[in-house]
Amino acid sequence: MTKLSIETTGIRLRRNFFTRDVLEVAPDLLGKVLVRQFEDGSISRWLITETEAYKGEEDKACHANKGRTPRTEVMYREGGYIYVYLIYGMYWLLNIVTGETDHPQAALIRGLSKITGPGRVGKQLKLNKSFYEEDLITSNRLWLEAPIVNLRKYTSSVRIGINYAPDEWRLKRWRFSLNMSENK
DNA sequence: TCACGGATTCGT
DNA sequence: CGAATCCGTGAT
C-alpha cells in the first residue's frame with residue numbers, strides 16, 4: 001500500500017492531452033499530478049503549480065527560435081515528450097513538449113507543490129540528459145496523472161528570465177500560476 | 001576549434 | 001550583486 005499525500009485518480013494523461021496548443025496545455029497542466037519513480041523504486045507525486053508557455057520559431061524567447069538544432073529537435077515532435085536542458089551549467093529544466101508535429105513548442109515546469117523554481121524542480125526530480133525525449137505516455141520513471149479534484153483558478157503574468165527578448169515577446173503573459181487560496 | 005552566455009540559485 | 005559550472009550555438 002502506498003500512502004499518497006497527493007490525491008490522484010491514478011489515471012495517466014494520454015497523448016491527446018499534450019497535442020493541443022501550448023497556450024491551452026500550459027495552464028491546463030496546473031493542478032495535474034506529476035509522478036516520478038526513482039531508481040530505487042520509490043514513487044513521489046507533486047501537483048504542478050507554475051508553468052510557462054514557449055511557442056514556435058517566432059517566439060524570440062523560445063529555444064526553437066533558432067530553428068531545428070540537436071537541442072530543439074524534440075520540440076518538433078508531437079506533444080507528450082520531455083525536453084530537458086542544462087542551464088547555467090548546473091540545473092536541468094523540465095519542459096513538456098506540446099502541440100502537433102512540426103509545431104515546436106513546450107511548457108516549462110517552473111514549480112510544483114513544495115518546490116518553487118524550475119532549477120529546484122529538476123534537482124528534486126533528479127533529472128539529467130537521459131530524460132531528453134522521454135515519452136510521458138509510456139515512461140516508467142516520469143509521467144502525469146489526472147487529479148481527483150481539478151484546481152482551475154490561476155493567474156497569468158510575464159515570463160521570467162527572458163529580458164533579452166524584444167517587448168513583443170517579453171511582455172506576453174504566458175506564465176501561469178495556480179492560485180491556491182482561491183482553489184480551496 | 002573557440003568564445004559566449006543562458007527559461008537559475010545561493011551566498012555575501 | 002556576483003559566483004558557480006557546462007555545453008549548445010554560431011562564428012572563425
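By convention in this document, chain letters (A, B, ...) are assigned in the order of the sequence lines, proteins followed by strands, and residues within each chain are numbered from 1.
The residues A:R20 and A:D28 are annotated as salt-bridged, a charged nitrogen and a carboxylate oxygen being separated by less than 4.0 angstrom. A salt bridge does not link A:E168 with A:K60: every distance from a Lys NZ or Arg NE/NH1/NH2 to an Asp or Glu carboxylate oxygen is 4.0 Å or more.
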So A:Y85 and A:Y83, ring pair (Phe, Tyr, Trp, His ring centres under 6.0 Å) or not? Walk me through it.
CA-CA 7 Å; A:Y85 70 94; A:Y83 166 42; 5.4 Å; yes
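The closest side-chain heavy-atom distance from A:V35 to A:T8 is not below 4.5 Å. A:I137 is not listed as a side-chain neighbour of A:R14, based on a closest heavy-atom distance of 4.5 Å or more. A:L144 places a side-chain heavy atom less than 4.5 Å from the side chain of A:I96. Taking the side chain as every heavy atom from C-beta outward, A:N95 and A:I82 never approach each other to under 4.5 Å. Contact check for A:D21 versus A:T98: no side-chain heavy atoms found under the 4.5 Å cut-off.
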Strand DNA chain B as a dot-bracket string - pairs counted if Watson-Crick or G-U with both distances under 3.5 Å, | where the partner lies in another strand
||||||.||||.
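Of the residues near DNA chain B, A:A64 and A:R120, the one whose nearest nucleotide (by heavy atom distance) lies more toward the 5' end is A:A64.
Taking the P atoms as reference points, B:dC2 lies 23 Å from C:dT5, given to the whole Å.
To the nearest 0.5 Å, the span separating CD1 on A:I162 from CG on A:D59 amounts to 7.0 Å.
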Expected string for nucleotides 4-12 of chain C under the B/S/- scheme (protein heavy atoms, under 4.0 Å, primed atoms plus P, OP1, OP2 as sugar-phosphate) is BBB-SSS--
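Base contact: A:L108 has a heavy atom under 4.0 Å from a base atom.
Between A:T19 and A:E100, the side chains place no donor N or O within less than 3.5 Å of an acceptor N or O (distance only, hydrogens not considered).
Taking a heavy-atom distance under 4.0 Å as the criterion, the stretch of DNA chain B touched by chain A extends 5' to 3' from B:dG6 to B:dC10.
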